[in-house]
Amino acid sequence: MRTLTHEELAALPQGDVRLLDCDIAQNLLTSTELARVAYVAADATPRVFAMLFHWTGHEVVLSTFVPAGKIAALRARPEVAITIDRAAAQPQALLLRGRAQVTEMDGIVPEYALALHRYGGAEQAAVQVAAVDVPGVRMARIVVRPSWVGVLDFQTRFPGGSTAAGFARRGQA
C-alpha cells in the first residue's frame with residue numbers, strides 16, 4: 001500500500017476511500033485507540049459504543065459475545081459510522097462509514113485475539129483469551145469494509161471542508 005503525499009491527501013475529497021492510504025489513517029488503524037462505533041439500536045435510537053478492533057488491511061473487524069443486543073440491531077440496520085481518533089495538541093481523526101456484516105461463530109473470533117494482542121501485548125492477550133475461551137462460547141464477527149472515509153488532522157484537513165483560516169474564524173460573525 002502506497003502512502004499518499006501531503007499534496008495528494010489534500011487533493012482528495014472527504015469520502016474518498018483512498019484516504020485509507022494516508023499516514024494518519026494508517027497510524028490510527030494500527031494504534032491502540034478504540035473504535036467508536038455508531039449504529040441504530042433495536043429500539044430505533046442511536047448508540048455509540050467503544051470497541052477493540054482489528055484492521056485487516058481492507059476491513060475493520062469488531063467482535064462481541066453472543067447474544068449481545070448489537071448483533072440483532074446491526075443485522076436489522078447494518079449501516080454504521082466508526083471514528084478512531086487521537087486527542088492531542090494536534091488531534092487526528094479517522095471517520096469511516098460502511099455496512100456491518102455479522103457472522104456468529106463457535107469459539108473465539110481470531111481477530112479478537114489479534115486485537116487483544118495489539119492493545120495489551122502477548123502475555124495479557126493470552127490471559128484474556130484463556131479466560132473466555134471455554135466450551136460453548138459463541139462470538140459474533142462484525143466486519144465493516146469502509147465505503148466512505150474522512151480524515152481530519154486540523155492542519156490541512158478540517159471539519160466541514162473548512163480551510164485553516166476558516167477554521168480559525170469559527171463562531172465569528
Side-chain angles (χ1 to χ4, degrees), residues 1-4 17-43 45-153:
M1 184 178 305
R2 186 176 74 79
T3 302
L4 297 173
V17 296
R18 292 177 294 171
L19 288 169
L20 286 169
D21 295 337
C22 78
D23 288 339
I24 293 167
Q26 288 300 304
N27 289 340
L28 289 169
L29 287 166
T30 57
S31 73
T32 55
E33 303 294 344
L34 295 173
R36 289 162 182 83
V37 182
Y39 65 100
V40 178
D43 65 359
T45 61
R47 298 283 193 279
V48 175
F49 195 82
M51 298 181 73
L52 302 179
F53 71 95
H54 178 73
W55 174 246
T56 68
H58 303 287
E59 301 167 325
V60 174
V61 181
L62 310 154
S63 309
T64 193
F65 290 89
V66 174
K70 67 178 91 43
I71 296 170
L74 289 170
R75 284 186 171 137
R77 293 183 181 93
E79 294 78 17
V80 298
I82 298 172
T83 298
I84 305 165
D85 58 356
R86 179 172 290 126
Q90 297 277 323
Q92 297 176 335
L94 175 62
L95 314 170
L96 308 170
R97 297 180 198 158
R99 293 178 60 86
Q101 181 179 38
V102 181
T103 306
E104 290 184 32
M105 59 184 289
D106 293 326
I108 302 299
V109 170
E111 291 88 353
Y112 177 70
L114 291 170
L116 287 173
H117 186 273
R118 189 175 87 252
Y119 282 89
E123 187 175 321
Q124 184 178 342
V127 169
Q128 290 179 289
V129 168
V132 294
D133 193 8
V134 297
V137 72
R138 289 188 53 79
M139 290 189 79
R141 182 175 184 266
I142 304 163
V143 176
V144 179
R145 180 176 288 263
S147 58
W148 187 99
V149 178
V151 172
L152 302 175
D153 66 4

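- Other residues, nucleotides and ligands place more than 12 heavy atoms under 6.0 Å from the OH atom of Y119.
- A distance of 10.5 Å separates CD1 in I71 from OG1 in T103, rounded to the nearest 0.5 Å.
- Looking at R141, its side chain never comes within 3.5 Å of a backbone N or O of P110 through a donor-acceptor pair.
- Here the closest heavy-atom approach between residue A115 and residue L52 is recorded as CB-CB, 4.3 Å.
- To the nearest 0.5 Å, atoms CD (Q101) and CZ (R75) are separated by 10.0 Å.
- Around CD of E104, the count of heavy atoms belonging to other residues, nucleotides or ligands within 6.0 Å exceeds 12.
- For the side chain to side chain contact (heavy atoms under 4.5 Å, CB included) criterion with P146, the lone passing option out of L94, L95, I82, L20 is L20.
- When every heavy atom of E33 is checked against every heavy atom of I84, the shortest pair comes out as CB-CG2, 3.9 Å.
- When every heavy atom of I108 is checked against every heavy atom of F65, the shortest pair comes out as CD1-CE2, 4.4 Å.
- Considering all non-hydrogen atoms of both residues, G98 and V144 come closest at CA-CG1, 4.0 Å.
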Where do F53 and V37 land on the side chain to side chain contact (heavy atoms under 4.5 Å, CB included) test, with the steps shown first?
-> CA-CA 10 Å; F53 71 95; V37 182; over 6 Å; no
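- S147 and R145 form no side-chain donor-acceptor contact under 3.5 Å, judged by distance and modelled atom types alone.
- Summarising the geometry of L19 relative to A25, their closest heavy-atom pair is O-CB, 3.4 Å, with the distance given to 0.1 Å.
- Using modelled atom types, no side-chain atom of D133 and backbone atom of V129 make a donor-acceptor pair closer than 3.5 Å.
- Between S63 and M51, the closest heavy-atom pair is O-CE, 3.3 Å.
- Taken to the nearest 0.5 Å, the CG atom of L96 stands 9.5 Å off from the CG atom of L28.
- Atom-to-atom distance recorded for D85:CG and L34:CG is 9.5 Å, nearest 0.5 angstrom.
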Check the pair L114 / H117 against side chain to side chain contact (heavy atoms under 4.5 Å, CB included), numbers first and verdict last.
-> CA-CA 5 Å; L114 291 170; H117 186 273; 5.6 Å; no
Start with the C-alpha distance between V60 and W55, add both sets of side-chain angles, then the distance that settles side chain to side chain contact (heavy atoms under 4.5 Å, CB included), and finish with yes or no.
-> CA-CA 5 Å; V60 174; W55 174 246; 3.7 Å; yes
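- Using a distance-only test at 3.5 Å, with no hydrogens or angles considered, no donor-acceptor pair links the side chain of T32 to the main chain of R118.
- Figure legend: K70 and Y39 shown without cation-pi pairing, the cationic atom not lying both under 6.0 angstrom from the six-membered ring centre and within 45 degrees of its axis.
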Apply the test side chain to side chain contact (heavy atoms under 4.5 Å, CB included) to residues D153 and Q90: give CA-CA distance (whole Å), side-chain angles for both, the deciding distance (0.1 Å), then the verdict.
-> CA-CA 7 Å; D153 66 4; Q90 297 277 323; over 6 Å; no
